[in-house]
Amino acid sequence: MKNDEVMNIAKKRGFLWSSFEIYSGVAGFFDYGPLGATLKNNIMNKWRNYYVISEGFYEIESPTIMPEEALKASGHVDHFNDPMTECKDCLEVFRADHVINEATGKDVEGLENDELSRILSEEKLSCPRCGGHLTHVWSYNLMFQTLIGSKGKKTGYMRPETAQGIFIPFKRLLRFNRGKLPFGVVQMGKAYRNEISPRQGVIRLREFTQAEVEIFVNPKNKNHPNFKEVSGDVLNLYSAESQMKETGPSKLTAQHAVTEEIISSEILTYQLCLARRFLNDLGISDDVIRFRQHLSSEMAHYAIDCWDVEIETDSFGWIEIIGIADRTDFDLKSHSIHSKEDLTVFIEYSEPKTVMKIMAKPQMKKFGPLFKADAPKIMEILKNTDASSIEESFQEKGHYPVEVDGTIHNLTPDIIEFQEVEETIRGEKIYPHVIEPSYGIDRIIYSVLLHCFQEEDDRTILKLPADIAPVEVNVFPLVNKKELANLAQEIKKLLRNNGFIAEYDASGTIGRRYARSDEIGVPYAVTVDHKSLEDNTITIRNRDDSKQVRIPIKEVYNTLGDLINLRIRFEDL
RNA sequence: GCGGCUGUAGUCUAGUCUGGUUAGGACUUGGGCCUUCCAAGCCUACGACCCGGGUUCAAAUCCCGGCAGCCGCACCA
């Protein structure tokens, strides 16, 4: 399996290995070794080039530990507590609420475990598989819980996604962007999920790195100003419809996908295109990429459209590495309700609207003495009540009942005056919708390693794009002679002084060194030979075809700089 | 969480069934020799029985527990 070979090399050469090995490891945790950490940084910086520099979305950084209230609002506290029950006979484990729901049709979501246990026994429910006896219900919490502060009173959780760290300071972010939509904010960082049984190496981790973008848009305008730039891009789309019909994915232009309403909006389509371009830049080709739309049954209740970017692997099938969703206004609305903060955006109309409106005006001379302390509260209620409903009530019943703190006051026509007023409306307050591309960095790194790995004859080559390769250039003396070695060392120093990640290696034959170099994906090797001593030239060897060109030593860092930053191609030297 | 299989240097592996000398080999890696372009050869060195407990005069080997990996089930808003 290619997976096994890649993971072997990753371990052997210092990209990735499982953490805490000397204590026999803990499932779901991985270390990035010297090359892995550098590769990860390079990939994350390339990602920044896309989203921070090109798209103009600023990056923020928020804590990885979050207070319970925040995750309560986001729905994670409730959603991550799965009530479980086990069959004592066949030892199958089930979601208790699912068992009850399927057997009785009752909606028991959100009930306490004790309550669920009670229902299980009262309804005499048994194992759906073998009919055996079910145990009491316990919670399996997918969030890592911790306590904040020395008194340990405040419950905290490790964040299950970086996104919430963007929604919470939304007011400040909106102000930073001077109150105008659309704008995007990104965050890269660790997220944590206490998976029941993590497997598949780096694919399902308990601690992983996300790169998330939250783009806040006006729900009435989900177009994208630069859509033209991507409209011709061809996407391998596996829509919900073709999944149901089992017709397989189809290759369509972005324009087509929007026109045919396969993808719900221009902006979502634009994000799909961006993701594809990013993956291409990492050396992942289109034939292993597909965009799979969530079926309505698997879509989170707050999303209206969601596409997973999937990569084909030999041992895990198609794996999700990026999720691109239209999360609507769910998160902001929910945080707004829980925090009592106004998280709306004021959208100004291009033309102010004037409307005629009937206002119910209290006659204060009678109002005050009549209702005393309740008067201000009643006025507040009047302000928020449609005057026409009061008028109707007067006509039907002769009065309008108002409840204040449990007491009912009847308003009568003699204390209310109706006035027609002209009101100017300059705009409206709305909750923005959120378009969210969410990248799983660890899975992307795995995909990059997997698909850059090539075996040609007896050679193993990691064909990493030059601009993300952790080691940029190796310098070798052709044979281990003092004069050649000295010059090679000097050139390595020269390259390092010019900002290259350069290594020197004189151990073993030149072929062995080239082989080692290829295996970790070093794109170029500089070789010092006898001719170098005579005319101050060296050769640059191209990793992918092992061809060499000879250039003067004094041009070496300019040439390598151009090659590594993809300004020129090796063939054009 | 459950069941099955597995666990010997960096990697692959012999030995385990049938307990018994210094755990053997290959590759890799380090040092040296040789070598003027793609894992050659020679010399040399480093390096391992997953962890804990039990049985036994004696445990890599047998038993129990744990941990990890793989596969299947379940889970993965």
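All values below come from the heavy atoms of this structure, side chains included, with hydrogens, waters and symmetry mates left out. Convention: sequence-line order gives letters A, B, ...; per-chain numbering from 1.
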Side chain of A:His530, heavy atoms from C-beta onward: which of B:A77, B:U36, B:A39 has the nearest atom to it? B:U36

Of the candidates B:U29, B:C2, B:A77, the side chain of A:Arg199 sits closest to B:C2

Shortest side-chain distance from A:Ala27, nucleotide among B:A68, B:A77, B:C37: B:A68

Is it true that the side chains of A:Tyr157 and A:Glu68 contain a donor and an acceptor less than 3.5 Å apart? yes

Nucleotide nearest A:Gln548 when distance is taken to its side chain, options B:G10, B:A40, B:C37: B:C37

Taking for each residue the nucleotide of RNA chain B bearing the nearest heavy atom, is the 5' side occupied by A:Ser18 or by A:Arg204? A:Ser18

Charged N to carboxylate O under 4.0 angstrom, A:Lys154 versus A:Glu69? yes

State which of B:C73, B:C75, B:U36 makes the closest approach to the side chain of A:Leu478. B:U36

Side-chain atoms of A:Arg516 come closest, of B:G30, B:C37, B:C70, to B:G30

Residue A:Glu161, side-chain heavy atoms: nucleotide from B:A39, B:A77, B:C38 that is nearest: B:A77

Would you classify A:Asn480 as touching base, sugar-phosphate or nothing, given that sugar-phosphate means primed atoms plus P, OP1 and OP2, and contacts are heavy atoms under 4.0 Å? base

In terms of side-chain heavy atoms of A:Tyr514, which of B:A39, B:C38, B:U36 is nearest? B:C38

At under 4.0 Å between heavy atoms, what does A:Arg459 touch on the DNA or RNA strands: base, sugar-phosphate, or nothing? nothing

Determine, for A:Phe476 and A:Arg513, whether the Lys NZ or Arg CZ falls below 6.0 Å from the six-membered ring centre while staying within 45 degrees of the axis. yes

pair_partner(B:U61), Watson-Crick or wobble, both distances < 3.5 Å, evaluates to none

Which residues pass the side chain to side chain donor-acceptor pair (under 3.5 Å) test with A:Tyr514, not counting sequence neighbours? A:Thr527, A:Gln548

With the side chain defined as heavy atoms from C-beta on, A:Asn8 is closest, among B:C71, B:U11, B:C37, to B:U11

Checking B:C37, B:C2, B:A39 against the side chain of A:Glu519 (C-beta onward), the nearest is B:A39

